[in-house]
Amino acid sequence: MRRVVLVAVLALAATACSATGKPVDLAVVNSVERPQPVGVEVNPPTTTGAATQVPPCDPAASLRPGALPAPGAMPDGTTMRTIQDRGRLIAGVDQNTFLFGFRNPTSNALEGFDIDRVKEIAAAIFGDPNKVQYKVITSAARINALKNGEVDIVVRTMTATCARWVDINFSAIYYVAGQRLLVDKSSQITGVDQLGGQRVCATKGSTSLNKLRDSPAPPVVVAVDNWSDCLLMLQQGQVAGVSTDDTILAGMVAQDPTVRMVGPRFTEEPYGIGIPKQSEDMVRFVNGVLAKSISGGSWAESYGRWLAQAGEQSPPPTAKYRD
Ligand code: GLU
């Protein structure tokens, strides 16, 4: 009996093999849409990140640091003490932005210039750079993650703006980027002024998206969740360009030899570490850590590791304080 079944199975297999490549039902396929990343929106409504009127401000001016307490000895009653007692710093970061916050595919660890800043802050609180719980968040989720107390800090290529200062605090500026344009090497486009009516990608909740919308030659803005979605759409020919900070675009150029940045910087994007509005002690503490990082050479070391070879040229920013 078993032999009969085996023979039947072999016979079936032989028929299957001989019937090669002849579809029974021919479907007429005129065009096949390439799949798009999840959450794509075309020309979404404006979001400034602020619930109320935006008062004028100097977005780069933060709070003056006090003396840094010794690691592991955060004073009672401070935000830093709460973090120390919890045993880990909770940091909102990116895992999709090469050079700033990305997942190393070999080690699975998060790495980059922003991740180095997180580690410095953890080291200053605990004496251990690894006492961190990373929460990966999108550009659009940064403000709410801080407002809802889901994270202690956000270190995620985040521009300090007056609109965002309404909802959160920022540290002193730790890097100054600028918005530029990325296109395929074969593209004829050489600048943002030629984008009128063309599809250009940016993330939801980013300053980059708002700037594109306000452009004198407004493109069709294709909004996504992650910067890596923009690179994918450019590679698939679904957008004519990607526009955001040159730092983020430099990471894409380093990953894909078929794309290039064109045109000059057309904005200034001073990066600050986002901190909840009520935690002014934490702002002063983080500013102390940043000042030490810049004066002690670890900022320069981190810059050399991630950004210098990528062609990014920015000296450490001079800290500005408003009190
Ligand atoms: N720096 C810009 C911003 O904070 C763009 C970068 C990003 O969204 O990650 O909105």
Side-chain angles (χ1 to χ4, degrees), residues 37 39-41 44 46-50 54 57 59-60 62 91-103 110 112-115 117-118 134-147 151 153-182 192 200-215 221-231 233 241-253 261 265-275 306-307 310 312 314 317:
V40 171
E41 279 179 50
T46 320
T47 45
T48 61
V54 178
C57 81
S62 185
V93 299
D94 197 359
Q95 65 172 357
N96 300 298
T97 295
F98 186 49
L99 306 176
F100 273 79
F102 69 99
R103 206 169 274 285
L110 288 163
F113 191 73
D114 277 346
I115 304 297
R117 307 284 76 75
V118 175
Y134 292 102
K135 285 197 178 173
V136 171
I137 54 173
T138 60
S139 300
R142 292 176 292 194
I143 301 272
N144 277 341
L146 288 163
K147 281 173 87 176
V151 295
I153 52 173
V154 165
V155 194
R156 201 196 164 291
T157 55
M158 188 170 195
T159 303
T161 67
C162 294
R164 291 173 176 166
W165 266 106
V166 171
D167 289 317
I168 62 164
N169 279 313
F170 281 102
S171 70
I173 302 308
Y174 66 92
Y175 198 82
V176 181
Q179 187 167 348
R180 289 187 68 190
L181 177 64
L182 185 85
V192 72
V200 181
C201 188
T203 63
K204 296 170 198 171
S206 66
T207 53
S208 326
L209 187 147
N210 289 341
K211 186 70 188 175
L212 284 176
R213 208 196 317 252
D214 297 344
S215 162
V221 179
V222 177
V224 294
D225 288 328
N226 294 297
W227 289 113
S228 48
D229 296 334
C230 279
L231 178 59
M233 290 191 88
V242 178
S243 184
T244 183
D245 307 342
D246 48 2
T247 42
I248 298 174
L249 299 180
M252 296 184 187
V253 170
M261 268 191 260
R265 279 182 171 192
F266 52 92
T267 67
E268 202 169 82
E269 307 290 330
Y271 289 173
I273 294 172
I275 297 167
W306 300 113
L307 306 177
E312 279 295 305
S314 174

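Atoms within each ligand, like the ligands themselves, are counted from 1 in listed order.
- The side chain of Asp245, and not its backbone, has at least one atom closer than 4.0 Å to an atom of ligand 1 (non-hydrogen atoms only; side chain from C-beta on).
- What sits closest to atom 7 (C) of ligand 1 on the protein, heavy atoms only, is Trp227 NE1, 3.2 Å.
- Heavy atoms of Thr97 found under 4.0 angstrom from ligand 1: none, in either backbone or side chain.
- The side chain of Arg164, and not its backbone, has at least one atom closer than 4.0 Å to an atom of ligand 1 (non-hydrogen atoms only; side chain from C-beta on).
- For atom 2 (C) of ligand 1, the nearest non-hydrogen atom of the protein is Thr207 OG1, 3.2 Å.
- Closest to atom 6 (C) of ligand 1, if we only count protein heavy atoms, is Thr157 O, 3.3 Å.
- Atoms OG1 and CD1, from Thr159 and Ile173 in turn, are 8.5 Å apart once rounded to the nearest 0.5 Å.
- Looking at Thr267, its side chain does come within 3.5 Å of a backbone N or O of Gln179 through a donor-acceptor pair.
- Separation of atoms CH2 (Trp227) and CG (Asp94) is listed at 10.0 Å; rounding is to 0.5 Å.
- Under a 4.0 Å criterion applied to the non-hydrogen atoms of Arg156, ligand 1 contributes the atoms 7 (C), 9 (O).
- Under 4.0 Å from ligand 1, not a single heavy atom of Gln179 appears.
- There is a side-chain donor-acceptor pair under 3.5 Å between Tyr271 and Asp245.
- Both the backbone and the side chain of Ser206 come within 4.0 Å of ligand 1, judged by heavy-atom distances.
- Only side-chain heavy atoms of Ile248 come within less than 4.0 Å of ligand 1; its backbone N, CA, C and O stay farther off.
- Set against the non-hydrogen atoms of Met158, the atoms of ligand 1 under 4.0 Å away are 4 (O).
- Per-residue contacts place Thr203 under 4.0 angstrom from the following atoms of ligand 1 (heavy atoms of the residue considered): 8 (O).
- With hydrogens left out, the protein atom closest to atom 8 (O) of ligand 1 is Ser139 OG, 2.8 Å, a heavy atom.
- A donor-acceptor pair under 3.5 Å is absent between the side-chain atoms of Arg117 and the main chain of Val155, judged by distance alone.
- For the atom pair CD1 of Ile137 and CD of Gln95, the computed distance is 11.5 Å after rounding to the nearest 0.5 Å.
- Classification of the Tyr175-Phe113 ring pair by plane angle, with boundaries at 30° and 60°, yields perpendicular.
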